[in-house]
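Structure first, commentary second.
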Amino acid sequence: MPDIMDLCERSPAYVRAIAPYQPGKPITELARELGLAENSIVKLASNENPRGISPKALEAVKRALPELGRYPDGFELTQALSARLGVPAEQIVLGNGSNDVLELAGMAFLAPGCSAVYSQHAFAVYPLATQARGAQSLVTPAQDYGHDLEAMLAAIRPDTHVVFIANPNNPTGTMLTAAQLESFLRRAPKNVIVVLDEAYNEYLDPALRCPSIAWIASYPNLIVTRTFSKVYGLAGLRVGYAVCHPEVAALLNRVRQPFNVNNLALVAAIAALTDHDFLRESFDLNVAGMQQLLSGCKRLGIAWIPSYGNFVTIEIPRARGENAGQSQAGAVFQKLLRRGVIVRPLAGYAMPDHLRVSVGLPSENARFLDALEAVLKA
Ligand SMILES: Cc1ncc(COP(=O)(O)O)c(C=O)c1O
């Protein structure tokens with residue numbers, strides 16, 4: 001039998017060098033650790049819709065259960081998206097979550113010897129999608145925690161095949177304007193794929209949303225990615241999509257697994273797309289919840305990065321006195337856990353003083369604020 005380490009070393013060095021994605025701590029795990037009931041735990045760590053799945057989508061899932069013996073067929077969801085977005089079906093590529101389409105972009109356009117540009121503090125899947133292909137990451141410094149598009153433009157090299165941009169960005173919540181993005185697209189080399197990740201697009205005030213899909217006609221190097229995991233409430237089903245030029249879509253489809261989106265995700269997404277009441281209520285809940293979190297933080301003297309998503313990143317002041325200057329965010333995260341509140345520490349995003357808090361239901365936001373107050377006072 002080969003030694004397991006010898007075996008693993010046959011995996012390319014660039015794969016072994018990948019830092020694994022750190023998901024939010026699961027409720028079940030914390031409940032087990034603390035000996036608490038699962039329903040007493042508040043999880044504000046993964047930017048899900050706190051209302052869960054829409055009732056229409058749930059009904060569609062129940063109706064589809066008897067058909068689970070069959071392989072999925074993405075035709076109807078693609079048609080529904082085509083009608084909704086006003087683009088031909090051949091411009092849409094479905095993904096197992098939008099993470100999947102980000103990976104497809106990496107698979108189709110990156111290889112050893114290529115590079116990808118993305119920003120410091122940008123979404124964690126961009127390094128994964130880049131490094132898994134053996135491509136080099138060119139990370140530009142952030143500006144006020146957001147993407148510095150001028151620096152990103154300047155970082156593009158002849159071997160750069162992909163630029164990843166998140167708008168709004170996770171975990172910082174920062175937003176780029178349509179004018180900034182279009183100016184970037186106008187000046188970026190035409191042979192560089194620009195992936196514009198709009199996972200939180202539906203949480204933006206409609207006046208702030210970009211005509212990103214219309215841009216594809218002028219910028220065939222643009223791939224727009226969206227998801228059903230956020231406002232649509234389907235994070236656990238895994239469904240997202242890319243919209244791009246048909247030739248680019250054909251490339252993404254070559255590296256896509258044939259049945260990458262499952263039957264239940266497909267029917268739920270079709271139903272969620274037209275559950276207008278659920279979408280409006282979820283949007284309004286987020287606006288009110290964000291207000292609740294921000295006024296609570298203000299009262300506690302906690303600073304935050306202005307956010308355009310369904311989450312906000314707060315700054316925990318460094319220690320004074322004996323441990324002066326030491327970061328306290330990790331300790332605050334642990335103390336919140338002990339009070340049954342899960343948020344997201346951001347040391348892995350090179351933000352050791354910050355915690356990201358998803359906007360929850362009013363009662364969940366209140367639980368978080370109470371726990372934060374108690375932890376800061378202690
Ligand atoms: C910026 C951004 N892009 C993409 C995703 C991926 O979401 P999903 O794979 O669930 O569609 C997320 C999830 O948190 C995100 O924050």
Side-chain angles (χ1 to χ4, degrees), residues 21-26 43-50 52-53 57 74 77 81 92-107 116 118-130 132 142 145-147 162-176 181 194-204 209-210 212 223-243 252 256-257 260-262 264-266 268-269 272-273 286 305 307-313 342-344 346 348-349 351 354 356-359:
Y21 180 77
Q22 300 288 340
K25 197 174 180 72
K43 182 176 181 230
L44 302 174
S46 299
N47 304 344
E48 295 136 333
N49 184 332
I53 186 169
L77 176 58
L81 285 169
I92 297 167
V93 179
L94 300 182
N96 192 252
S98 59
N99 277 348
D100 190 26
V101 284
L102 296 171
E103 292 279 355
L104 295 182
M107 277 195 249
Y118 53 87
S119 172
Q120 179 190 24
H121 313 315
F123 183 48
V125 166
Y126 312 150
L128 295 180
T130 303
Y145 295 106
H147 293 33
V162 178
V163 175
F164 290 103
I165 298 174
N167 196 45
N169 183 43
N170 170 25
T172 58
T174 49
M175 188 204 71
L176 296 158
L181 280 167
V194 178
V195 178
L196 180 58
D197 174 352
E198 295 189 329
Y200 300 95
N201 186 56
E202 294 82 358
Y203 280 114
L204 281 174
R209 294 180 199 168
C210 297
S212 50
I223 301 179
V224 177
T225 66
R226 301 226 178 123
T227 183
F228 284 91
S229 298
K230 305 300 172 186
V231 79
Y232 291 101
L234 303 181
L237 280 169
R238 314 303 301 127
V239 54
Y241 60 94
V243 188
L252 299 187
R256 183 179 64 81
Q257 281 187 38
N260 62 334
V261 185
N262 70 73
L264 302 183
L266 290 168
L273 210 50
N286 189 58
I305 303 171
S307 172
Y308 293 85
N310 64 341
F311 57 90
V312 61
T313 286
I342 313 175
V343 297
R344 183 69 77 102
L346 296 179
Y349 281 91
M351 298 173 71
H354 290 84
R356 192 193 67 197
V357 187
S358 306
V359 176

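Whatever order the structure lists them in is the order used to number ligands and atoms, beginning at 1. Quick note: residue numbers are just sequence positions, from 1.
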Before we go on, tell me: are the rings of Phe164 and Phe123 under 6.0 Å apart, centre to centre?
no

Check whether any heavy atom of Asp197 sits under 4.0 Å from an atom of ligand 1.
yes

Decide whether an N or O pair under 3.5 Å exists between Asn170 and ligand 1.
yes

Taking only non-hydrogen atoms of Lys230 and a 4.0 Å limit, the atoms of ligand 1 in range are 13 (C), 14 (O)

Is Arg209 paired with Glu198 through a side-chain N to carboxylate O contact shorter than 4.0 Å?
no

Side chain or backbone, does Asp100 bring an N or O within less than 3.5 Å of an N or O on ligand 1?
no

Give a yes or no on whether the backbone of Ala142 and the side-chain of Gln120 come within a donor-acceptor separation of less than 3.5 Å.
yes

With only distance considered, is Ser46 within less than 3.5 Å of ligand 1 through an N or O on each side?
no

Mind checking whether Gly97 has a heavy atom under 4.0 Å from ligand 1?
yes

Is Tyr200 in contact with ligand 1, taking contact as a heavy-atom separation below 4.0 Å?
yes

Going by the order shown, which atoms of ligand 1 are within less than 4.0 Å of some heavy atom of Ser229?
8 (P), 10 (O), 11 (O)

Is it the case that Asn169 and Tyr308 place a side-chain donor and acceptor less than 3.5 Å from each other?
no

To the closest 0.5 Å, what do you measure between CZ (Phe228) and CG (Asn49)?
13.5 Å

Regarding ligand 1, does Arg238 bring an N or O atom to under 3.5 Å of one of the ligand's N or O atoms?
yes

His121 ring center within less than 6.0 Å of Tyr349 ring center:
no

